[in-house]
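Shown next, in structure tokens, is the structure this report addresses.
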Amino acid sequence: MRKWDVIVVGAGHAGIEASWFASKLGVSVLVLTLSLDSIGKLSCNPAVGGVSKGTLVKEVDALGGLIAKIADKCAVGYRRLNKSKGKAVWATRAQVDRFLYPKIARSFLESQRNIKILEAKVDKILVNNRKIKGVVTNFSEAFYGNTVIICAGTFLNSKLHIGLSSFSGGRLGELSSDELFKEIKKLGFEVKHFKTGTCARLDKRTIDFSKMMEQAPHYDVEPFSFDNESTPKNQLSCFITYTNEKTHKVILKNLDRSPLYTGKIKAKGVRYCPSLEDKIVKFPQKDKHQIFIEPEGWESLEVYPNGISTSLPFDVQIDFIHTIPGLEKAEILRPGYGIEHGLISPTQLYATLESKLIRGLFFAGQVNGTTGYEEAAAQGAIAGINAALRVKKEKPFILRREQAMVGVLIDDLTTKGVDEPYRMFTSRAEFRLTLREGNADIRLTPLAYQLGIVDKAVYAKVKEKSEKIEKYIKKLKSIKVVFDKQKKFSLFEILKRPNIEFSHLKSYLDDRVPQGVLGREVEINVKYEGFIKRELAQIKNLTNIDKIKVPPSLDFSKVPSLSREVVEKLNLFKPSTLGEALKISGITPAAIVNIYNYLSSKRKRRKRRIYES
Ligand SMILES: Cc1cc2nc3c(=O)[nH]c(=O)nc-3n(C[C@H](O)[C@H](O)[C@H](O)COP(=O)(O)OP(=O)(O)OC[C@H]3O[C@@H](n4cnc5c(N)ncnc54)[C@H](O)[C@@H]3O)c2cc1C
């Protein structure tokens with residue numbers, strides 16, 4: 001009887017990284033998944049990255065993972081988001097070829113000799129004395145393992161909704177894992193259901209793009225992976241159109257056929273990716289909603305109309321789509337649908353993503369209540385590494401909140417749990433300026449090298465980058481010039497000024513200013529030096545948060561920079577101390593810092609008034 005070191009159930013974005021990282025640590029890995037053809041299938045939009053999600057992608061890459069490499073190999077267009085904001089928060093997003101992605105993902109896994117992949121449905125979990133023993137498939141074959149990682153995504157006890165019709169399925173056309181869900185419940189795990197949804201896919205040949213605005217790709221964006229140098233030459237554009245009053249009328253008229261508004265769908269949905277019907281009902285003052293027509297691949301005739309996710313009946317989908325400029329004759333190739341799926345409460349996991357209930361049983365990805373490929377990949381990396389380390393009886397690998405966005409994600413999940421689908425946001429991190437895309441390799445590759453999951457050449461390249469940045473900063477401090485016809489300043493002081501960019505200093509540096517990410521990192525380190533230091537200091541000041549009182553009359557909507565979600569929750573729960581506020585699910589340490597600053601400034605203002613009167 002063969003015994004595997006790590007058994008990974010599911011080969012979505014979490015399963016891919018979990019098996020890859022475990023195999024990199026030299027242990028034997030068995031991947032069991034429902035279909036070999038849908039390894040890393042992009043269930044929803046054909047895009048990877050975005051604000052803070054791009055940082056997760058780069059962090060997984062810096063650790064030696066796959067999501068960045070796969071995305072780069074099949075990217076059809078890159079864009080830089082947050083361009084109007086400071087360079088520290090620039091973010092990368094790429095449209096990818098949805099048909100190539102699974103092929104590339106599979107070939108990466110197949111390149112590892114110690115990974116075996118098998119098409120099988122896991123129905124049972126074998127446990128003895130609260131210790132994992134293995135799994136049993138739907139064809140009654142038992143596979144034994146020292147550790148098991150469940151990465152079953154949206155497939156646990158899942159139900160799809162199109163209008164008032166509903167049927168079992170993990171994705172349209174795929175099975176739901178009902179037996180596995182029952183097993184998880186039977187083992188004593190607390191479970192719940194969330195809801196998500198997707199839009200109809202349209203036939204490109206039936207769209208009039210001349211009525212839409214073209215959104216061209218950005219050619220100056222670096223690829224996702226730190227290993228790659230360039231992006232494709234001729235990239236594909238997206239196109240922008242809008243809904244209008246007619247669209248909204250069609251939808252409002254048919255709400256009695258919506259599973260969301262008739263109470264058929266009971267589970268909580270993704271707050272930040274609402275369905276079109278949700279947007280129209282919740283924001284009646286808005287007379288239009290933006291839609292991005294995204295390419296699904298280099299040669300695909302399908303396009304993805306991002307922004308019109310729906311679970312309305314098929315005929316209503318046709319009707320409302322035909323009211324949209326450019327889509328008057330659009331034909332649907334796949335209907336949009338809603339999905340309710342099971343998950344476990346992630347507070348039942350350690351920061352390694354091993355469960356507290358069963359030794360050796362790990363959970364990663366959407367099964368932990370997250371949404372998104374990037375969030376799943378990040379968890380897969382941590383679960384894969386730690387399952388292998390458990391087998392090797394080595395110290396666990398945990399990333400702290402100040403080290404990585406991955407650390408923020410896992411800390412939030414395991415300490416606060418989820419009461420709605422969890423998506424990564426920059427605002428969830430208290431060290432926003434430190435946890436950037438551009439320094440993910442400097443922050444994490446040395447740790448991965450110590451673990452033995454990236455090789456010496458990769459580590460040497462990162463070390464060189466880091467040394468170059470330091471050298472440039474030293475140089476900027478050492479060169480003093482007369483600037484603005486005033487007195488002498490160092491180039492470092494000059495670069496700190498708001499409108500000065502590194503490239504403006506070219507003439508003082510023998511015309512040699514590093515380009516791309518290197519130049520940007522030097523600039524960020526100089527410009528944000530003070531802010532970064534303040535970030536660290538603020539958090540250290542908050543050790544006594546249980547004693548810091550929050551006045552009952554405080555209207556949280558007055559506190560600057562709090563998201564609508566945070567304000568709603570705080571106004572509802574009315575915490576009496578900052579410590580109590582932090583315990584509320586969804587309340588980020590960054591939000592606590594904002595409230596603390598607001599209360600302090602109010603207190604100071606009050607003191608000043610008393611003093612002045
Ligand atoms: C309809 C829909 C809409 C979505 N909309 C959005 C969105 O708007 N925004 C967003 O960020 N994300 C969205 N997502 C979520 C996104 O697709 C997931 O977050 C991401 O794919 C999760 O990755 P994962 O690896 O956890 O799971 P998945 O990608 O779901 O992969 C799960 C894997 O587990 C396998 N599996 C399941 N059960 C078993 C079993 N019993 N035995 C063996 N293998 C099994 C499956 O075959 C699959 O390979 C949507 C998903 C769906 C289905």
Side-chain angles (χ1 to χ4, degrees), residues 7-19 30-50 53 56 67 98 101-102 105-106 117-125 135-138 143 148-162 169-184 194-199 269-275 304 306-311 334-343 363-380 383 421-424:
I7 297 178
V8 178
V9 179
H13 308 276
I16 290 170
E17 303 294 345
S19 35
L30 171 67
V31 184
L32 300 170
T33 192
L34 291 180
S35 163
L36 286 183
D37 303 321
S38 57
I39 293 176
K41 185 166 168 177
L42 301 161
S43 321
C44 195
N45 54 334
V48 169
K53 285 172 172 263
L56 287 176
I67 184 166
R98 195 163 71 80
Y101 196 102
R106 180 173 172 178
I117 316 174
L118 181 69
E119 192 167 285
K121 179 165 174 279
V122 169
D123 278 352
K124 272 194 183 147
I125 301 175
V135 295
V136 180
T137 67
N138 55 340
F143 292 93
V148 169
I149 310 175
I150 306 283
C151 305
T154 54
F155 288 69
L156 295 180
N157 190 232
S158 306
K159 198 190 257 183
L160 310 184
H161 299 268
I162 302 179
R171 273 186 300 231
L172 199 59
E174 294 179 64
L175 294 172
S176 160
S177 285
D178 298 346
E179 296 75 11
L180 184 58
F181 187 65
K182 271 188 212 146
E183 283 283 294
I184 291 171
F194 281 162
K195 180 251 161 193
T196 185
T198 192
C199 57
V270 191
R271 181 187 288 255
Y272 304 96
C273 292
S275 61
Y304 180 92
N306 191 348
I308 55 170
S309 156
T310 186
S311 50
R334 307 175 201 237
Y337 62 95
I339 176 169
E340 286 180 290
H341 66 88
L343 57 121
F363 289 83
Q366 189 130 355
V367 287
N368 290 338
T370 56
T371 170
Y373 313 131
E374 304 78 4
E375 288 82 348
Q379 293 171 69
Y422 181 103
R423 182 187 162 170
M424 200 61 212

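Just follow the structure's listing: the first ligand is 1, and inside any ligand the first atom is 1.
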Practice task
Give a yes or no on whether the backbone of A377 and the side-chain of E17 come within a donor-acceptor separation of less than 3.5 Å.
Solution key: no
Exercise for the section: Taking atom NZ of K121 as the centre, report whether more than 12 heavy atoms of other residues, nucleotides or ligands fall under 6.0 Å from it. Expected result: yes
Practice task
Report the part of T33 (side chain from C-beta onward, or backbone N, CA, C, O) that has a heavy atom under 4.0 Å from ligand 1; answer both or neither where that applies.
Solution key: both
Practice task
Would you mind checking which non-hydrogen protein atom is closest to atom 35 (C) of ligand 1, with the distance to 0.1 Å?
Solution key: G10 CA, 3.4 Å
Practice task
Give a yes-or-no answer on whether the side chains of D178 and S176 include a donor-acceptor pair shorter than 3.5 Å.
Solution key: yes
Exercise for the section: Please confirm whether A14 comes within less than 3.5 Å of ligand 1 when only nitrogen or oxygen atoms on both sides are compared. Expected result: yes
Exercise for the section: Ignoring angles and geometry beyond distance, decide whether T196 reaches within less than 3.5 Å of ligand 1 through its nitrogen or oxygen atoms. Expected result: yes
Practice task
Would you mind listing which atoms of ligand 1 come within a distance below 4.0 Å of any non-hydrogen atom of Y337?
Solution key: 1 (C)
Exercise for the section: May I ask you to list the atoms of ligand 1 that are less than 4.0 angstrom from any heavy atom of S43? Expected result: 17 (O), 21 (O), 51 (C), 52 (C), 53 (C)
Exercise for the section: Report yes if V122 has an N/O atom closer than 3.5 Å to an N/O atom of ligand 1; otherwise report no. Expected result: yes
Handout entry: Distance in Å, D123 CG paired with K182 NZ, rounded so as to fall on 0.5 Å steps
Key = 9.5 Å
Practice task
Would you mind telling me if ligand 1 is within reach of the side chain of A376, the backbone, both or neither, using heavy atoms under 4.0 Å?
Solution key: side chain
Practice task
Count the heavy atoms belonging to other residues, nucleotides or ligands that lie under 6.0 Å from NZ of K159, then report whether that count exceeds 12.
Solution key: no
Handout entry: Point-to-point distance, once rounded to the nearest 0.5 Å, from OH of Y101 to CD1 of I16
Key = 6.0 Å
Handout entry: Per-atom contacts, ligand 1 versus I339 - under 4.0 Å to a heavy atom
Key = 1 (C)
Practice task
Begin from the C-alpha positions of Y373 and N45 and carry the test side-chain contact (heavy atoms from CB on, under 4.5 Å) through to its verdict.
Solution key: CA-CA 10 Å; Y373 313 131; N45 54 334; 3.8 Å; yes
Exercise for the section: Can you sort out which atoms of ligand 1 are near L180, meaning under 4.0 Å from one of its heavy atoms? Expected result: 41 (N)
Problem - Flag, side chain of E375 to backbone of R423, donor-acceptor distance under 3.5 Å - result: no
Practice task
To the nearest 0.5 Å, tell me how far H161 NE2 sits from T310 OG1.
Solution key: 12.5 Å
Practice task
Would you indicate whether the side-chain heavy atoms of F143 and V122 approach each other to under 4.5 Å?
Solution key: no
Exercise for the section: Select one of side chain, backbone, both or neither to describe which atoms of K53 lie under 4.0 Å from any atom of ligand 1, heavy atoms only. Expected result: side chain
Completion exercise
For G365, the atoms of ligand 1 under 4.0 Å from one of its heavy atoms are 26 (O)
Practice task
Kindly confirm or rule out an N or O of T371 lying under 3.5 angstrom from an N or O of ligand 1.
Solution key: yes
Fill in the blank from the handout: In ligand 1, the atoms that come under 4.0 Å of a heavy atom of G12 are 25 (O), 29 (O), 31 (O), 33 (C), 49 (O)
Problem - Donor-acceptor contact present, side-chain Q379 to main-chain A14, <3.5 Å - result: no
Exercise for the section: For the pair C151 and V8, evaluate side-chain contact (heavy atoms from CB on, under 4.5 Å) and give the outcome as yes or no after the intermediate values. Expected result: CA-CA 7 Å; C151 305; V8 178; 4.1 Å; yes
Problem - Polar atom proximity, H13 to ligand 1 (N or O, under 3.5 Å) - result: yes
Handout entry: ligand 1 versus S177: contacting region, heavy-atom distance under 4.0 Å
Key = side chain
Practice task
Please determine if T370 has a nitrogen or oxygen closer than 3.5 Å to a nitrogen or oxygen of ligand 1.
Solution key: no
Problem - Per-residue contact class, R171 against ligand 1 - non-hydrogen pairs under 4.0 Å - result: side chain
Problem - Steps toward side-chain contact (heavy atoms from CB on, under 4.5 Å) verdict (Y304, R334) - result: CA-CA 10 Å; Y304 180 92; R334 307 175 201 237; over 6 Å; no
Handout entry: ligand 1-proximal atoms of C151, by part, heavy-atom distance under 4.0 Å
Key = backbone
Practice task
Could you walk me through whether N157 and L180 pass the side-chain contact (heavy atoms from CB on, under 4.5 Å) test, one step at a time?
Solution key: CA-CA 8 Å; N157 190 232; L180 184 58; over 6 Å; no
Practice task
Please report which non-hydrogen protein atom sits nearest to atom 28 (P) of ligand 1, along with the residue it belongs to and the distance in Å to one decimal place.
Solution key: G153 CA, 3.8 Å
Fill in the blank from the handout: Per-atom filter on ligand 1: closer than 4.0 angstrom to a heavy atom of A152 are 32 (C), 34 (O), 37 (C), 38 (N)
Practice task
Return yes if a side-chain donor-acceptor contact under 3.5 Å exists between S35 and E174, otherwise no.
Solution key: no
Handout entry: Q366 N/O under 3.5 Å from ligand 1 N/O
Key = yes
Completion exercise
atom 8 (O) of ligand 1 has as its nearest protein heavy atom C44 SG, 3.5 Å
Problem - N or O pair under 3.5 Å between V9 and ligand 1 - result: no
Exercise for the section: Quick one: pull up OG in S43 and NE2 in H13 and give me the separation to the nearest 0.5 Å. Expected result: 5.5 Å
Practice task
Classify the angle between the aromatic ring planes of F194 and H341 as parallel (below 30°), tilted (30 to 60°) or perpendicular (above 60°).
Solution key: perpendicular
Exercise for the section: Flag G372 as yes when one of its N or O atoms lies below 3.5 Å from any N or O atom of ligand 1, and as no otherwise. Expected result: yes
Exercise for the section: Would you mind listing which atoms of ligand 1 come within a distance below 4.0 Å of any non-hydrogen atom of T198? Expected result: 1 (C), 3 (C)
Handout entry: Which segment of L34 sits under 4.0 Å of ligand 1 when only heavy atoms are counted
Key = both
Exercise for the section: May I ask whether A120 places a heavy atom under 4.0 Å from ligand 1? Expected result: yes
Exercise for the section: List the closest protein heavy-atom neighbour of atom 3 (C) of ligand 1: residue, atom name, distance to the nearest 0.1 Å. Expected result: G197 O, 3.1 Å
